[in-house]
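These values consider heavy atoms only, across backbone and side chains, with no hydrogens, waters or symmetry-generated copies.
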Amino acid sequence: MQRHIDVERLKLVRRIRDVRLQDIAEALGYSAHTQVSAWLKGDATPPPEKLPALAEALGEHIDDLFPRDGEPDLADLRCDAGIPRKDVPVIIGTRSSVPIRNAERGKRRLDPAFVGPLADAYGVSINELLAAQDRSFGGSETAETNRPPELPTSLAEKISYLLGRLPEGNRPSDATIAGAINGKAGADIIRPSQVRALRTGQQPSGEVLVHVPGAVLHEGLSAVFDVPALYFQSNDEMVRQVVETIRFLAQREDVELHPRGAVEGLSGPMLAKLNELLDEARKAEDMRRRTVE
């Protein structure tokens, strides 16, 4: 829902505040006040992304000077942050603004890897950004409230989600993440540029990680984000590990199963191994549950 622009109110506020046209122009990044003069005459309309700076230059809060009926959509959030669409690729790590343009026009939803960086840039929470996206696609705030939150599933989504949960000043850099993975490997097997490509989805993970063993990657990410390594594995991989562990337990000679298959039929070492695996699985599940809070 775009903001209302009242030209007469703009002129009145400028007179009351006694702000020079040239000062307003310079605050908005213009060398001359020609464009601002056109706005105040009603001959042109300020670009939506210029409204925050215009309100600030006139000493007014944007919601007071340019009120909005209803809740913002994706384009509104971007404009309220004073960000032109052409500047978005730098934020999400892409070469064009097509992904954000498609999302703002309700054509294709944002890649989950873009959600955290955009929320930070726009100064809103991830939930607020997703609600605005729903409105861009014709949804309502009620529909957003009732819609089950989507859980991160891909590696890029999981990394982006974890980064989005951390305060901006405490987020590990791509170099830090690469260093942790290389530390687990004992060799330089991944570069910061590859980490960036991985978390932003610029390249398929298979291409980025062709020389990076999965176990080393997961252990490095676990060390950086302080979450179980199991969290970074795919659901299929976790199921495979559980099945292999069960097969391993069944083949061990020291496994004594109770006739009815009760847990107490397992030996102490096997129970410890199974409990260790279950504990990791519970921690990973708890991590996923937190994504919906």
List the residues meeting salt bridge (charged side-chain N to carboxylate O under 4.0 Å, His left out) with [X], not counting sequence neighbours, and say none if there are none.
X: Arg17; answer: Glu60
X: Arg85; answer: Glu104
X: Asp23; answer: Arg20
X: Lys107; answer: none

Sequence neighbours left out, what passes side chain to side chain donor-acceptor pair (under 3.5 Å) with [X]? Give chain and number order.
X: Arg108; value: none
X: Gln2; value: none
X: Asp63; value: Arg3
X: Thr34; value: none

* Asked: Where do Phe232 and Leu162 land on the side chain to side chain contact (heavy atoms under 4.5 Å, CB included) test, with the steps shown first?
  -> CA-CA 11 Å; Phe232 298 102; Leu162 292 173; 3.6 Å; yes

Would you tabulate the side-chain donor-acceptor contacts of residues 182-191 under 3.5 Å, counting partners in other chains and residues two or more places apart, or write 'none'?
{"residue": "Asn182", "atom": "OD1", "partner": "Ile189", "partner atom": "N", "Å": "2.8"}
{"residue": "Asn182", "atom": "OD1", "partner": "Ile190", "partner atom": "N", "Å": "3.0"}
{"residue": "Asn182", "atom": "ND2", "partner": "Ala178", "partner atom": "O", "Å": "3.2"}
{"residue": "Asn182", "atom": "ND2", "partner": "Ile190", "partner atom": "O", "Å": "3.0"}

* Asked: Partners of Ala103 by side chain to side chain contact (heavy atoms under 4.5 Å, CB included), sequence neighbours excluded?
  ->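 Listed in chain order: Leu74, Leu110, Gln133.
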
I'd like a table of donor-acceptor pairs (distance under 3.5 Å, sequence neighbours excluded) in which one partner is a side-chain atom from residues 37-52, with atom names and distances.
{"residue": "Ser37", "atom": "OG", "partner": "His33", "partner atom": "O", "Å": "3.0"}
{"residue": "Ser37", "atom": "OG", "partner": "His33", "partner atom": "ND1", "Å": "3.1"}
{"residue": "Lys50", "atom": "NZ", "partner": "Leu28", "partner atom": "O", "Å": "2.7"}

* **Fellow cluster residues of Ile16, listed by chain then number, with links counted only when side-chain atoms sit under 4.5 Å apart** =>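 Leu12, all in the cluster of Ile16.
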
* Is there a donor-acceptor pair closer than 3.5 Å between any side-chain N or O of Glu128 and the backbone N or O of Ser125? -> yes

